[in-house]
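Have a look at the structure below, then the notes.
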Amino acid sequence: MSLYCGTACRRKSFWCYRLLSTYVTKTRYLFELKEDDDACKKAQQTGAFYLFHNLAPLLQKSEHQYLLPQYSLVELEKLLGKLGQDTQRIEDSVLIGCSEQHEAWFALDLGLTNSSSMSASLQKPEMEAELRGSFIELRKALFRLNVKDASLLSTAQALLRWHDAHQFCSRSGQPTKKNVAGSKRVCPSNKIIYYPQMAPVVITLVSDGTRCLLARQSSFPKGMYSALAGFCDIGETLEEAVRREVAEEVGLEVERLHYSASQHWPFPNSSLMIACHAAVSPGQTEIQVNLRELEAAAWFSHDEVVMALKRNDPYTKQQNGTFPFWLPPKLAIAHQLIKEWVEKPTCPSLPA
Ligand SMILES: NC(=O)C1=CN([C@@H]2O[C@H](COP(=O)(O)OP(=O)(O)OC[C@H]3O[C@@H](n4cnc5c(N)ncnc54)[C@H](OP(=O)(O)O)[C@@H]3O)[C@@H](O)[C@H]2O)C=CC1
Ligand SMILES: [Mg+2]
């Protein structure tokens, strides 16, 4: 459905864009592309495509960081032709954002095969040579991207992964069909609509007023400690999830907590990280580590944390064979929580 806006501009669109801020017009343009398949197809003609292979983004190496190449629809069609692939494959692409000038951005995975398309998975080396880049695992690349690109690729990978895992209706078993933008999938037989999902995860930096509590899982890189994290259970509030996770993992009862910020985190699936500061009373700080969840947990002083934040070569083994204590990289919300605590290590004052 389209609406004409007021007499002054006569533009055929969902919205009258004339008096709105750049941010609002961009948001409403994206909304329109998600709702209107024809508008989204049209946007592909002038849009930019980011490529993936089995969820690894195509990147080009520059001196210190990775660059993100993008392709126009015409370039993509040429590339697929050259590789002997049907251009119908472009229908698998998903909308991931747009520029302020309304150039729509799409992501397309050329390694994953879709139940509804007959295209075979393309060979990675052949494509890398053609594209003069490399498909690099997001875990390895994320921390060498600028914040904007890292966020765009996290979104793209999460959406591509969700579509790959939701090709069939869980009620009818029939193949589901995505809309052009990829903001949903529908089962043609029973009309059930599936929307991309994120799992809410609380991440909490516990403090006793002078020290903060950090922990590590055995899967973490050697020497790295982070704030306590855990998936929310169904039916829980954030406050309940924080109190339960802290109790489960280190055996402490949180007295006060306050919200700091949130972050989309693509690993291992798509999580919405909700970051909080929490306090325990100085008299109740003896921890009992749940070894089924954590390898270790400990209280760290302000000075120790300040030193660890300065460490920029954390993987170097020390002479005694151990790895130095270090903290998650800047891009992780855990880093932000820890930095906030270093700047203001007092207990939060809001009631839990
Ligand atoms: N961005 C950041 O700064 C940080 C992000 N994180 C992220 O937070 C997430 C959660 O932290 P973590 O300590 O591992 O979580 P939990 O403490 O909840 O424990 C993880 C366990 O929960 C189970 N699980 C896995 N997926 C789900 C789900 N969707 N819902 C409910 N339970 C699930 C699994 O158990 P089982 O296998 O036994 O079924 C898993 O081993 C991690 O994925 C991690 O990547 C963590 C720290 C910092
Ligand atoms: Mg945990």
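Order of appearance sets the numbers: ligands from 1, and atoms from 1 within every ligand. What you see is a predicted model, and the numbers here were worked out from it, not measured in a lab.
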Might you check, step by step, whether the distance between atom 1 (N) of ligand 1 and some protein heavy atom is under 4.0 Å?
-> yes
Does an N or O anywhere in Ala199 fall below 3.5 Å from an N or O of ligand 1?
-> no
Can you check whether Phe106 and Phe49 have ring centres sitting under 6.0 Å from each other?
-> yes
Pick from Pro268, Ser271, Pro328: the one approaching atom 43 (O) of ligand 1 most closely through a non-hydrogen atom = Pro268
Indicate, with yes or no, if the rings of Phe135 and Phe52 have centres closer together than 6.0 Å.
-> no
Distance from atom 6 (N) of ligand 1 to nearest protein heavy atom, with residue and atom = Met273 CE, 3.5 Å
Glu293 near the Mg ion (ligand 2) via N/O/S, less than 2.8 Å = no
Relative to each other, are the rings of His277 and His258 parallel, tilted or perpendicular (30° and 60° limits)?
-> parallel
Under 4.0 Å from any heavy atom of Ala332, which atoms of ligand 1 are there?
-> 2 (C), 3 (O)
Metal proximity, Gly230 vs the Mg ion (ligand 2), N/O/S cut-off 2.8 Å | no
So the atoms of ligand 1 within less than 4.0 Å of a heavy atom of Ala334 turn out to be 3 (O)
Are there protein heavy-atom neighbours of atom 16 (P) of ligand 1 below 4.0 Å?
-> yes
Can you confirm whether something in the protein, heavy atoms only, sits under 4.0 Å from atom 39 (O) of ligand 1?
-> no
Find all atoms of ligand 1 within a distance of less than 4.0 Å from any non-hydrogen atom belonging to Glu293, and give their numbers and elements.
-> 16 (P), 17 (O), 19 (O)
In terms of atom number and element, which parts of ligand 1 are under 4.0 angstrom from non-hydrogen atoms of Gly230?
-> 15 (O), 16 (P), 17 (O), 18 (O)
Do Trp341 side-chain atoms and His302 backbone N/O form a donor-acceptor pair below 3.5 Å?
-> no
min-distance N/O/S atom, Glu249 vs the Mg ion (ligand 2), resolves to OE2
Under 3.5 Å side-chain donor-acceptor pair for Glu245 and Thr204 | no
Parallel, tilted or perpendicular, as decided by the 30° and 60° cut-offs, for the rings of Phe325 and Phe300 | parallel
In terms of atom number and element, which parts of ligand 1 are under 4.0 angstrom from non-hydrogen atoms of Glu245?
-> 17 (O), 18 (O)
Return yes or no for this condition: an N or O of Phe220 is under 3.5 Å from an N or O of ligand 1.
-> no
Return yes or no for this condition: an N or O of Phe231 is under 3.5 Å from an N or O of ligand 1.
-> yes
Interfacing atoms of ligand 1 (cut-off 4.0 Å, heavy-atom, Phe267) | 43 (O), 45 (O)
Only residue of Ser151, Ser270, Ser271 satisfying side-chain hydrogen bond (donor to acceptor under 3.5 Å, both in side chains) with His264 is Ser270
Considering only protein heavy atoms, which is closest to atom 46 (C) of ligand 1, and at what distance to one decimal place?
-> Ala229 CB, 3.7 Å
Where does Asp233 meet ligand 1, judged by heavy-atom distances below 4.0 Å: at the side chain, the backbone, both, or neither?
-> neither
Assess whether atom CD of Glu253 is packed by more than 12 heavy atoms of other residues, nucleotides or ligands within 6.0 Å.
-> no
Going by heavy atoms in the side chains, are Lys310 and Val306 under 4.5 Å from each other?
-> yes
More than 12 heavy atoms of other residues, nucleotides or ligands under 6.0 Å from CD of Gln318: is that the case?
-> yes
Atom indices of ligand 1, in the order listed, that fall short of 4.0 Å to a heavy atom of Gln263 = 1 (N)
Hey, is ligand 1 close enough to Glu249 that some N/O pair sits below 3.5 Å?
-> yes
Counting heavy atoms under 4.0 Å, the part of His335 that contacts ligand 1 is neither
